[in-house]
Amino acid sequence: MKKLIICFFVTLVAIGCSPKLSVPFERTGAVEYVSGDKNTVTLASTATASGDTEGIYYCERNALENLLFRGIPGSNQENPMIENEGQAYSNARNALDDLILRDGYRKFLIQSYMDDSYKAGKAKTRRQIVKFDLQALRKHLEGAKIIRKFGL
């Protein structure tokens, strides 16, 4: 009986000490157009992460990167804001890293809320509705010399 109790506690400690699941960010096409006007776009973005905070960030980042580098089919922003991702990173890596990796995009995020979530194993997949201020984002990209002004 004593050995059984010791085995039970060892098993509990092993489970409690197992490393936390780490899900790396991966840009996917899981971004859908919801609504928009000439100044804003609202998107539904889906991403998988190990926790809620990470999941929100992955969804927002996925939506932003698709908006910047791929465009959103059927929306008021069908074409990418930045046409050549590789060239943009070679010319303005710090500005893009500040925008994408260091939460600089939050200045242009009008709204972000969870639409749906479900757990698959230890990872959690969530669908986040995000709304961006296109005009302000475009002006920021122009000011950082990532894109050229339209019409000049």
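Scope of the values below: all heavy atoms of this structure, side chains included, with no hydrogens, waters or symmetry mates.
No side-chain donor-acceptor contact under 3.5 Å links Glu60 and Ser45.
Look at Arg127 and Asp115 and you find a salt bridge, because one of the NZ, NE, NH1 or NH2 atoms lies within 4.0 Å of a carboxylate O, short of that distance.
Between the NZ atom of Lys149 and the CG atom of Leu141 there is a distance of 13.0 Å, given to the nearest 0.5 Å. Taking CG from Asp116 and CD from Gln128, the interatomic distance works out to 11.0 Å, rounded to the nearest 0.5 Å. One distance of note links CD1 of Ile82 with CZ of Arg138; it measures 11.0 Å at 0.5 Å rounding. Rounding to the nearest 0.5 Å places OH of Tyr57 at 9.5 Å from CZ of Arg106.
Phe132 and Val34 are not part of a single hydrophobic cluster, where members link through side-chain heavy atoms under 4.5 Å apart. Hydrophobic clustering, with ILVMFWY side chains joined whenever heavy atoms are under 4.5 angstrom apart, keeps Tyr58 apart from Ile129. Note on Leu134: it clusters hydrophobically with Leu96, by side-chain heavy-atom contacts below 4.5 Å among ILVMFWY residues. Under a hydrophobic clustering in which Ile, Leu, Val, Met, Phe, Trp and Tyr are joined whenever their side-chain heavy atoms come within less than 4.5 Å, directly or via other members, Tyr105 and Leu101 fall into the same cluster.
Using a 4.5 Å heavy-atom threshold, the side chains of Ile56 and Arg126 count as touching. A 4.5 Å side-chain heavy-atom check between Asp97 and Tyr89 finds at least one atom pair inside the cut-off. Counting only heavy atoms from C-beta outward, the side chains of Lys145 and Asn91 never approach each other to under 4.5 Å. Residues Asn76 and Tyr33 are in side-chain contact: their nearest non-hydrogen atoms beyond the backbone lie under 4.5 Å apart. Taking 4.5 Å as the limit, every side-chain heavy atom of Leu64 sits out of range of all side-chain heavy atoms of Leu109. Annotation: side chain of Lys122 is not in contact with side chain of Ser50 (no heavy-atom distance under 4.5 Å).
The two residues His140 and Lys107 come nearest to each other via the heavy atoms CE1-NZ, 4.4 Å. Smallest separation of non-hydrogen atoms from Lys124 and Asp52: NZ-OD1, 2.9 Å. Pairing each heavy atom of Gly74 with each of Glu78, the nearest pair is N-OE2, 3.0 Å.
Enclosure of atom CD in Glu85 by more than 12 non-hydrogen atoms of other residues, nucleotides or ligands within 6.0 angstrom is indicated.
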Compile the donor-acceptor pairs under 3.5 Å between side chains in residues 65-72 and protein atoms, sequence neighbours left out, one pair per line.
residue	atom	partner	partner atom	Å
Glu65	OE1	Arg27	NE	2.7
Glu65	OE1	Arg27	NH2	3.1
Glu65	OE2	Arg61	NE	2.8
Glu65	OE2	Arg61	NH2	3.4
Asn66	OD1	Arg70	NH1	3.4
Asn66	ND2	Thr28	O	2.9
Asn66	ND2	Asn62	O	2.8
Asn66	ND2	Asn62	OD1	3.1

With a cut-off of 3.5 Å and sequence neighbours excluded, list every side-chain donor-acceptor pair involving residues 37-44.
residue	atom	partner	partner atom	Å
Asp37	OD1	Asn39	N	2.8
Asp37	OD1	Thr40	N	2.8
Asp37	OD1	Thr40	OG1	3.1
Asp37	OD2	Thr40	OG1	3.4

